Amino acid sequence: MEKYVITIARGFGSGGKTIAMKLAETLGINCYEHRIEMLASQYSGEEENRFFETFSNASMVNTLGRIPITRAVIPVISRFSGDKKMYEIQSQIIHKVADEESCVIVGKCADYVLRDRENVIRIYSDAPREYCISRVMQRIPGITSSEANKLIAKTDRYRSDYYKFYTGRDWRDMTNFDLTINTQKMGIDAAIHLIEKYLEEKHIL
């Protein structure tokens, strides 16, 4: 079977990260999210040549595997400010991982970074605000409905600005994706099943 990559963009609180991790577990492949960002941040202050020399002959999969998986909810409260060097490093990591293995990649403009590859399935998950508020309140102890609403708005604005800055595209333009999923209507497990069926229809599984 040829290698394939599933990218998942998601509205904050919609359950996209949960879908990504459960889907990867079901398929028996790795899921990458904040580990890519954490690795890139370690090298963003270094000379570009040092990054490429470090990983030119090394397995990116093994390198990322040594970084702990972050399962916690990670909202964004700061305003977006671009860092093109870090984005370029993240992009190189994404390409190297895609060369090495089948995997799920969450966020990081991965759908755009891998836009020229035919073996990529691009997913977007979102849900009505009240559903997202409820999920955020379940996952962040003590947070109020109002606070959750503001957190969702700030995080989604950050993601939208991030995507626009690096790709020139609208993050919420559904034509960027192969499948869009309303997790309130479908649920997490059914969403995973739908993605699996789509992979089968595309003769990827």
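Side-chain atoms are counted along with the backbone in the values below, which use heavy atoms only and exclude waters and symmetry mates. Keep in mind it's a predicted model, so treat the numbers as computed, not measured.
By the criterion of side-chain heavy atoms lying less than 4.5 angstrom apart, applied directly or through intervening Ile, Leu, Val, Met, Phe, Trp or Tyr residues, L27 is not grouped with M21; the two fall into different hydrophobic clusters. Each of I69 and Y32 belongs to its own hydrophobic cluster when Ile, Leu, Val, Met, Phe, Trp and Tyr are linked at side-chain heavy-atom distances under 4.5 angstrom. I19 is not connected to Y131 by any chain of hydrophobic side-chain contacts under 4.5 Å among Ile, Leu, Val, Met, Phe, Trp and Tyr, and they are in different clusters. Under the 4.5 Å side-chain contact rule for hydrophobic residues, Y158 and Y112 share a cluster. Linking Ile, Leu, Val, Met, Phe, Trp and Tyr whenever their side-chain heavy atoms come within less than 4.5 Å leaves V106 and I121 in two separate clusters.
Minimum heavy-atom separation, R10 to W171: O-CZ2, 3.2 Å. Heavy-atom minimum distance, A98 versus L114: CB-CD2, 4.1 Å. V104 approaches A24 most closely through the heavy-atom pair CG2-CB, 3.9 Å. Contact detail for Y166 and D83: the closest heavy-atom pair is OH-N, 2.7 Å.
Put simply, the side chain of I93 reaches to within 4.5 Å of the side chain of L64, judged on heavy atoms. Put simply, the side chain of E130 does not reach to within 4.5 Å of the side chain of Q184, judged on heavy atoms. Taking the side chain as every heavy atom from C-beta outward, V113 and Y87 approach each other to under 4.5 Å. Residues I94 and C109 fail the side-chain proximity criterion, which asks for heavy atoms closer than 4.5 Å.
With values rounded to the nearest 0.5 angstrom, I105 atom CD1 is found 11.0 Å from Q90 atom CD. Distance check, rounded to the nearest 0.5 Å: CG of D126 to OG1 of T183 gives 7.0 Å. Remark: E147 CD to I133 CD1 distance equals 11.5 Å, nearest 0.5 Å. Taking CD1 of I192 as the start and CG of L194 as the end, the distance is 11.0 Å to the nearest 0.5 Å. A distance of 4.0 Å separates CD1 in I123 from CG in L179, rounded to the nearest 0.5 Å. Annotation: the span from E33 atom CD to I8 atom CD1 amounts to 10.0 Å, rounded to 0.5 Å.
Surrounding CD of E25 are at most 12 heavy atoms belonging to other residues, nucleotides or ligands under 6.0 Å away. For E201, the CD atom sits in a loose shell: 12 or fewer heavy atoms of surrounding residues, nucleotides or ligands are nearer than 6.0 Å.
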Task: Pair E101-I29, side-chain contact (heavy atoms from CB on, under 4.5 Å): steps then yes or no - done: CA-CA 8 Å; E101 63 166 352; I29 59 180; 5.9 Å; no

Open item on the list: Between E196 and L23, is the side-chain contact (heavy atoms from CB on, under 4.5 Å) condition met? List the steps.
Closed with: CA-CA 8 Å; E196 287 185 279; L23 177 64; 4.2 Å; yes

Task: Trace of the side-chain contact (heavy atoms from CB on, under 4.5 Å) decision for V5 with T7 - done: CA-CA 6 Å; V5 179; T7 69; 4.1 Å; yes

Open item on the list: Evaluate E88 against S91 for side-chain hydrogen bond (donor to acceptor under 3.5 Å, both in side chains), listing each step before the verdict.
Closed with: CA-CA 5 Å; E88 288 300 324; S91 297; 5.2 Å; no

- [ ] Begin with the C-alpha distance, continue with both residues' side-chain angles, and end with the deciding distance and a verdict on side-chain contact (heavy atoms from CB on, under 4.5 Å) for R172 and T180.
- [x] CA-CA 10 Å; R172 293 189 183 278; T180 60; over 6 Å; no

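Under 3.5 Å, the side chains of S125 and S14 contain a donor-acceptor pair of N or O atoms. A donor-acceptor pair shorter than 3.5 Å can be found between the side chains of R129 and N149. Checked by atom type, the side-chain pair Y163/D161 shows no donor-acceptor distance below 3.5 Å.
Put simply, the side chain of T155 gets close to the backbone of L151: a donor and an acceptor are under 3.5 Å apart. Checking side-chain atoms of R157 against main-chain N and O of K154 turns up no donor-acceptor pair under 3.5 Å. Using a distance-only test at 3.5 Å, with no hydrogens or angles considered, a donor-acceptor pair links the side chain of R35 to the main chain of C31. Side-chain atoms of D156 come within 3.5 Å of backbone N or O of F12 as a donor-acceptor pair. Using a distance-only test at 3.5 Å, with no hydrogens or angles considered, a donor-acceptor pair links the side chain of S102 to the main chain of Y4. Side-chain atoms of N62 do not come within 3.5 Å of backbone N or O of S59 as any donor-acceptor pair. Counting only distance, with no hydrogens or angles, the side chain of R122 and the backbone of D111 share a donor-acceptor pair below 3.5 Å.
Of the listed residues (L39, I36, D99), just one forms a side chain to side chain contact (heavy atoms under 4.5 Å, CB included) with M60, and that residue is L39.
R159 forms no cation-pi arrangement with Y162, by the criterion of a distance under 6.0 Å to the ring centre and an angle within 45° of the ring axis.
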